[in-house]
Amino acid sequence: MDILFDNLPGLLIAIPLLGAFLTPLLSRAGDSVRNTWVLIITGLSSVCGLLVASRVLETGTIVYTFGVNTVSNIIPPDSGGIPIRIIFTIDPMNAFMLIIAAIVGFCITLYSVSSMEKLSGKDGFFTLVLLLIAGVYGMIATGDLFNFFVFLEISSLAGAALVAYRIDKGVAAEAGLKYAALSTIGGMLFLVGVGLLFAQYNSLNMAVIADRMQLTGLDIIAFVLFFTALAMKCGAVPMHFWTPDSYAMAPSAITAFLVVSSQASLYALFRVCFTLYGGQINPLTVGWVIIILGILSMFIGVTMAIPQKDVKRLMAYHAVSQTGYMLLGVGVGLAALSSTCLSQSIGIMALKGGLFHIMNHALYKGLLFLTAGVIFYRCGTRNLNQLGGLGHNMKWTMVFFMIGALAIAGIPPFNGFASKLMIYESTFLFNPLLAVIAMVVSILTLASFVKVFHSMFMGPKLPEYEDVKEAPTPMLIAMGILAILVVLFGIFPQQVVDALVAPAASALIDYQGYITAVLGGA
Amino acid sequence: MIDSFTLSTGFGAWNAVFWVIAFVIACIIGWLIWSRGEKTYDSSGGATAPFLSGNKEPEKAAVHIRAGNLYWGYTDALSGYYRFIKPFHTGNLSDYFLAYLFVTALVLIVVVVLK
């Protein structure tokens, strides 16, 4: 049993990868066998993710090296102090992200089993879903820059193929192509950055590079390449244009997980700023760059959302807007922590708020995309102008939508309110104007979702949707899990902050701790 | 016990449990007021039908306000802003690349200058 637990980080990607490659084979045995297989695989990898996270939160950072059986062998004696194998470094920040991926990953698979029922090509679809999940787990868990690039590519290619999955007069293919092309360019520039660092420091390991970082001219160029590639992947304005195209065309369950994939890029962005270049790059400058991207994302995202008529496109713009809150919180955290005039507690609280918002956003945005998927599944349209009166027949979907909508708008007692409150208060002390903008964006978000709620669920029954049915049970269960978490995280936010968010924030700030965990003070 | 559910923001506090309790109390008060209302009232007698200057009420489905008709005042008031911002969203992949490269160049300049 111990050997199983000791190898959980490896299983984290081994299970979905194995599941992905066997899915086409098992599909020959029929839909029910394939669906059961996919659910078992996703369930197991989610359990793995949660177990790894709980171990990290209990015992501290896990450094897992592929190919050795003891921790002392991480750095081979003849390697000049450089860890040369594939290494996963999972500290509380990674654990925090793993929990998000585990929860949402399982929910979207459960949902997909039912929502894709009537469509063909499901063996390929579920293979790609499992590859996407493996890619995201790898991005989160790895402590190696080149490995990160590999997992980034796996998740990008699987994501692009899934965006293009639903053939809709070529529009989905176009959206998939845009996602693939931009991801590839971003990935290539990221790889150039990795090459620049490898050429100087002889290593691809993040801890080694962070330890040896000199901040040369090449290091700065590499930083900018990492920074913009990851900011583009997380959909920060003005590099957000792919987001509405891709999120709108992908099947809804996939869109919900693309949000997590974007957040994995956001995590990597923070890891680069805080750990890889921790103590080297000017935190005030970088903090303000992140803040400006955050403000632009918040405002342009929400204002572009309001006039949209396609519900998923509208939600995609809101995803951009909510990413802005995370950038704002963490940007203020980075800038305030380096300031000599401001209290450190402001920076730490802003950082916690930004990180807590990542988790909350994954839950409520995932929920909202799943409700939009139900509408499309039952009504065959995403056009808000053609919808109405669905609340009469789709009561559970309506309730789940309301929970998600109130959470994203920051209405108490849902989880979005708790994280936004932390961001508002800390940001106000840093710069009141930023907090005012954040609050105005919340009001506009509420206005936008009132429009969606009215357009889809309110009003009399429309003749074309007279007999529309509620979502199938697996879809309701998947949405129910997310809705319950949205409510629980809203009512008991301090427990979540204490157990998950505060350790993640501390780990992110403590770059020396990250280096020591890998190099052991070497 | 209840304090353990209070989210400390460092500068303030938020307790959702109190909020839920207050919400439930407000609902109970609302229900009590509603339950003391006139019980003999007959809603089928036409008293609740809208009066449209004596015109016959159209079918309910025909008067549903669609999404495109909502917030026209907001978008009209901000039409200048939207005229500026919408052209950036061309849907053209080349423009997406340009935006990406523009930000890369800009961030490089900022980071180098303010190193």
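Residue numbering restarts at 1 for every chain, and letters A, B, ... go by the order of the sequence lines.
Of the atoms belonging to A:A447, heavy atoms from both backbone and side chain fall under 4.5 Å from chain B. Only the side chain of B:L70 comes within contact range of chain A, with heavy atoms under 4.5 Å apart. Neither the backbone nor the side chain of B:L78 comes within contact range of chain A, judged by heavy atoms closer than 4.5 Å. Contacts of A:L444 with chain B are made by side-chain atoms alone, with heavy-atom separations under 4.5 Å and no backbone atom involved. For A:I306, the part lying near chain B is the side chain, with the backbone staying farther off; criterion is any non-hydrogen pair under 4.5 Å. When heavy atoms are compared at a cutoff of 4.5 Å, A:L387 approaches chain B solely by way of its backbone atoms N, CA, C and O. If you measure heavy-atom distances from A:M458 to chain B, the contacts under 4.5 Å come from the backbone alone. Contacts of A:A229 with chain B are made by both backbone and side-chain atoms, with heavy-atom separations under 4.5 Å. Proximity to chain B (any heavy atom under 4.5 Å) is shown, for A:F428, by neither the backbone nor the side chain. With a 4.5 angstrom heavy-atom cutoff, A:F227 touches chain B only via side-chain atoms. In this structure, the portion of B:V20 lying under 4.5 Å from any heavy atom of chain A is its side chain and not its backbone.
Most heavy-atom pairs under 4.5 Å with chain B, from the set A:L177, A:L429, A:V452: that is A:L429. Most heavy-atom pairs under 4.5 Å with chain B, from the set A:P307, A:A175, A:P238: that is A:P307. The residue among A:G490, A:P413, A:A418 with the most heavy atom pairs within less than 4.5 Å of chain B is A:P413.
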Pairs table: donor-acceptor atoms between chain B and chain A closer than 3.5 Å:
unit_1: B:S4; atom_1: O; unit_2: A:Q495; atom_2: NE2; d: 2.8
unit_1: B:S8; atom_1: N; unit_2: A:Q494; atom_2: OE1; d: 2.8
unit_1: B:T9; atom_1: OG1; unit_2: A:E425; atom_2: OE1; d: 2.6
unit_1: B:G12; atom_1: N; unit_2: A:E425; atom_2: OE1; d: 3.3
unit_1: B:I65; atom_1: O; unit_2: A:H454; atom_2: NE2; d: 3.1
unit_1: B:R66; atom_1: NH1; unit_2: A:N385; atom_2: O; d: 3.0
unit_1: B:A67; atom_1: N; unit_2: A:N385; atom_2: OD1; d: 3.3
unit_1: B:G68; atom_1: N; unit_2: A:N385; atom_2: OD1; d: 2.5
unit_1: B:Y71; atom_1: OH; unit_2: A:A447; atom_2: O; d: 2.5
unit_1: B:Y81; atom_1: OH; unit_2: A:T303; atom_2: OG1; d: 2.6
unit_1: B:Y82; atom_1: OH; unit_2: A:T303; atom_2: O; d: 2.5
unit_1: B:H89; atom_1: NE2; unit_2: A:H240; atom_2: NE2; d: 2.8
unit_1: B:G91; atom_1: O; unit_2: A:K178; atom_2: NZ; d: 2.8
unit_1: B:Y96; atom_1: OH; unit_2: A:D245; atom_2: OD2; d: 2.4
unit_1: B:T104; atom_1: OG1; unit_2: A:T228; atom_2: OG1; d: 3.3
unit_1: B:L114; atom_1: O; unit_2: A:N282; atom_2: ND2; d: 3.1
unit_1: B:L114; atom_1: O; unit_2: A:T285; atom_2: OG1; d: 2.9

How far apart are the C-alpha atoms of A:L327 and A:L269, what are their side-chain angles, what is the distance that settles it, and do they pass the side-chain contact (heavy atoms from CB on, under 4.5 Å) test?
-> CA-CA 10 Å; A:L327 290 168; A:L269 175 67; 4.0 Å; yes
Let me see the working for B:L101 and A:I185 under side-chain contact (heavy atoms from CB on, under 4.5 Å), right down to the final yes or no.
-> CA-CA 10 Å; B:L101 294 176; A:I185 295 287; 5.6 Å; no
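Going from atom CZ of B:F11 over to atom CE of A:M422 covers 9.5 Å, rounded to the nearest 0.5 Å.
Side-chain atoms of A:I281 and A:C273, non-hydrogen and from C-beta on, never get closer than 4.5 Å to each other.
Listed in order of number, the residues of residues 26-38 of chain B that approach chain A to under 4.5 Å between heavy atoms amount to none.
Within a 6.0 Å radius of CG in B:L98, more than 12 heavy atoms belonging to other residues, nucleotides or ligands are found.
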